[in-house]
**Q** 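Shown below is the structure under consideration.
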Amino acid sequence: MVSDSPYEIAVNEKWCKKCGLCIAFCPKDVLESDGGGPIVKAPSQCIGCLLCEMHCPDFAITVKRRAEK
Amino acid sequence: MALPLEKYLRVGKLPHIWCPGCGHGIVTQAIIRAIDETGLDTEETVIVSGIGCSSRAPGYMNFDTLHTTHGRAIPFATGIKMANPELNVIVITGDGDAAAIGGNHLIHAARRNIGLTVVCFNNNIYGMTSGQYSPLTPRGSYASTAPYGMFERPFDLCELVKGAGGSFIARSTAYHTRHLTNMIKEALKYEGFSFVDALSQCPTYYGRRNRLRTPLDMLNWLRDRAVPASSWDKMTPEEKDGKFPIGILVNQPSTELTKVYGEVMVKAAAEGGRG
Ligand SMILES: Cc1ncc(C[n+]2csc(CCOP(=O)(O)OP(=O)(O)O)c2C)c(N)n1
Ligand code: SF4
Ligand code: SF4
Ligand code: SF4
Ligand SMILES: [Mg+2]
């Protein structure tokens with residue numbers, strides 16, 4: 001999916017333990033559950049609030065501003 | 001924005017051993033973010049822990065770290081700070097580690113006002129040893145050693161540290177991640193003894209026994225009981241029941257121990273070879 005969001009969301013599948021907290025805390029329904037872990041469903045909705053990243057106990061989801069790359 | 005994880009974490013050791021949804025990872029991230037935003041030099045920062053799930057955190061952190069014995073993180077950290085007062089010394093401890101076996105060390109560090117930052121990962125249970133009650137287990141809740149409900153009165157850790165002379169005391173939770181990060185930042189900037197009661201969740205041994213079935217249920221339980229410190233004093237005892245204040249609870253700067261000790265050393269050197 002081509003995104004017009006200035007944010008890029010990365011999920012580290014190797015570290016994710018599928019607790020679902022990132023999905024529950026996202027205020028914009030960007031993330032969808034895939035058996036507990038997140039799939040980035042609507043990246044263009046992302047506002048870069050970092051609630052997913054900061055509530056992830058496993059350092060498994062990170063949100064970067066695209067220019068930061 | 002996203003944290004430079006490789007700078008602050010021993011990424012080769014991840015994934016960590018904590019259970020899915022354990023709050024300790026959230027609090028660990030808040031510490032790292034606070035260090036990042038405060039700009040502490042990682043080369044000049046030492047992180048010390050005791051024993052417990054919480055005390056495993058420094059093992060994942062890319063600093064000079066010390067994993068010591070149960071309850072004794074503060075004495076080891078005290079030694080480090082006394083030997084080299086220039087270092088930033090952070091203690092990561094659990095509610096069992098800090099308030100049960102290590103309670104005596106906690107109160108004396110507060111009394112001495114030694115420049116450590118102590119962050120207690122308070123999940124109100126002994127997580128590592130499978131869910132025995134701790135001095136922080138709320139009355140009426142279940143633990144492996146309280147099958148009919150906890151009947152003892154718990155500590156309020158912030159009040160305990162305050163009573164012992166603590167000069168910087170703050171509390172937050174794993175629900176309030178931004179606020180928690182800010183509390184840790186303030187604690188890191190504070191020169192004397194700083195204490196942060198960081199409420200965390202143990203879904204495995206606390207949640208399961210106490211009808212908090214998911215990590216999210218546990219975080220919502222923390223959210224529902226937290227009251228901003230500014231509102232707390234206006235509440236009646238009935239309103240306070242089952243709740244706790246979050247925010248900076250004490251901030252009364254007083255001379256840090258190694259500064260006083262430095263003066264004693266100068267005096268000793270001047271007067272020399274007595275006794
Ligand atoms: C001297 C000593 N006594 C008891 C133990 C067993 N023990 C290991 S961890 C722990 C409690 C940990 O609880 P807490 O500090 O709250 O950490 P958590 O696992 O909940 O994060 C105990 C009693 C020990 N390792 N050493
Ligand atoms: S940064 Fe905020 S809006 Fe974007 S995915 Fe994460 S929680 Fe959702
Ligand atoms: S919060 Fe982290 S560990 Fe939990 S599901 Fe999301 S990415 Fe995975
Ligand atoms: S037992 Fe509890 S405190 Fe320990 S890792 Fe599991 S959830 Fe976390
Ligand atoms: Mg504990």
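Chain letters run A, B, ... following the sequence lines, proteins first, then strands; residues in each count from 1.
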**Q** If you count heavy atoms of other groups shown closer than 6.0 angstrom to CZ of B:Arg223, is the number above 12?
**A**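 Enclosed.
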**Q** Please report the closest heavy-atom contact between B:Gly21 and A:Cys19, naming both atoms and the distance.
**A** N-CB, 3.5 Å
**Q** Tell me the closest heavy-atom pair linking A:Pro57 and B:Cys22, and the distance in Å.
**A** CB-O, 3.2 Å
**Q** To the closest 0.5 Å, what do you measure between NE2 (A:His55) and CG (B:Leu216)?
**A**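 Here the interatomic distance stands at 9.5 Å.
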**Q** Is atom CZ of B:Arg56 surrounded by more than 12 heavy atoms (other residues, nucleotides or ligands) closer than 6.0 Å?
**A** no
**Q** Start with the C-alpha distance between B:Leu3 and A:Phe59, add both sets of side-chain angles, then the distance that settles side-chain contact (heavy atoms from CB on, under 4.5 Å), and finish with yes or no.
**A** CA-CA 9 Å; B:Leu3 276 171; A:Phe59 309 98; 5.8 Å; no
**Q** Can you name the nearest heavy-atom pair linking A:Lys14 to B:Pro15, along with the distance?
**A** O-CG, 3.8 Å
**Q** In terms of heavy-atom proximity below 4.5 Å to chain A, should B:Ala174 be classed as side chain, backbone, both, or neither?
**A** backbone
**Q** Which heavy atom of A:Met54 sits nearest a heavy atom of B:Gln29, and at what distance?
**A** CA-OE1, 3.4 Å
**Q** With side-chain contact (heavy atoms from CB on, under 4.5 Å) as the test, would you mind laying out the steps for B:Trp18 and A:Asp58 before giving the verdict?
**A** CA-CA 9 Å; B:Trp18 293 320; A:Asp58 288 87; 5.9 Å; no
**Q** Surrounding CZ of B:Phe155 (heavy atoms of other residues, nucleotides or ligands, distance under 6.0 Å), is the total greater than 12?
**A**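 At most 12 heavy atoms, drawn from other residues, nucleotides or ligands, come within 6.0 Å of this atom.
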**Q** Measuring heavy-atom distances to chain A, does B:Leu14 have an atom under 4.5 Å in its side chain, in its backbone, in both, or in neither?
**A** both
**Q** Please flag which part of B:Thr181 lies under 4.5 Å from any non-hydrogen atom of chain A: side chain, backbone, both or neither.
**A** side chain
**Q** What distance do A:Leu51 atom CG and B:Thr177 atom OG1 have between them, rounded to the nearest 0.5 Å?
**A** 6.0 Å
**Q** Heavy-atom cut-off 4.5 Å, strictly under: side chain, backbone, both or neither for B:Leu219 against chain A?
**A**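 The answer is the side chain of B:Leu219.
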**Q** Heavy-atom count check: over 12 atoms from other residues, nucleotides or ligands less than 6.0 Å from A:Lys18 NZ?
**A**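 It does: A:Lys18 NZ has more than 12 such atoms within range.
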**Q** Using non-hydrogen atoms only, which part of B:Tyr175 is less than 4.5 Å away from chain A: side chain, backbone, both, or neither?
**A**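 For B:Tyr175, heavy atoms of backbone and side chain both lie under 4.5 Å from chain A.
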**Q** Check whether B:Val27 gets within reach of chain A through its side chain, its backbone, both or neither, counting any heavy atom under 4.5 Å.
**A**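 Interface part for B:Val27: neither.
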**Q** So which of A:Leu21, A:Thr62, A:Asn12 has the biggest tally of heavy-atom pairs under 4.5 Å with chain B?
**A** A:Leu21
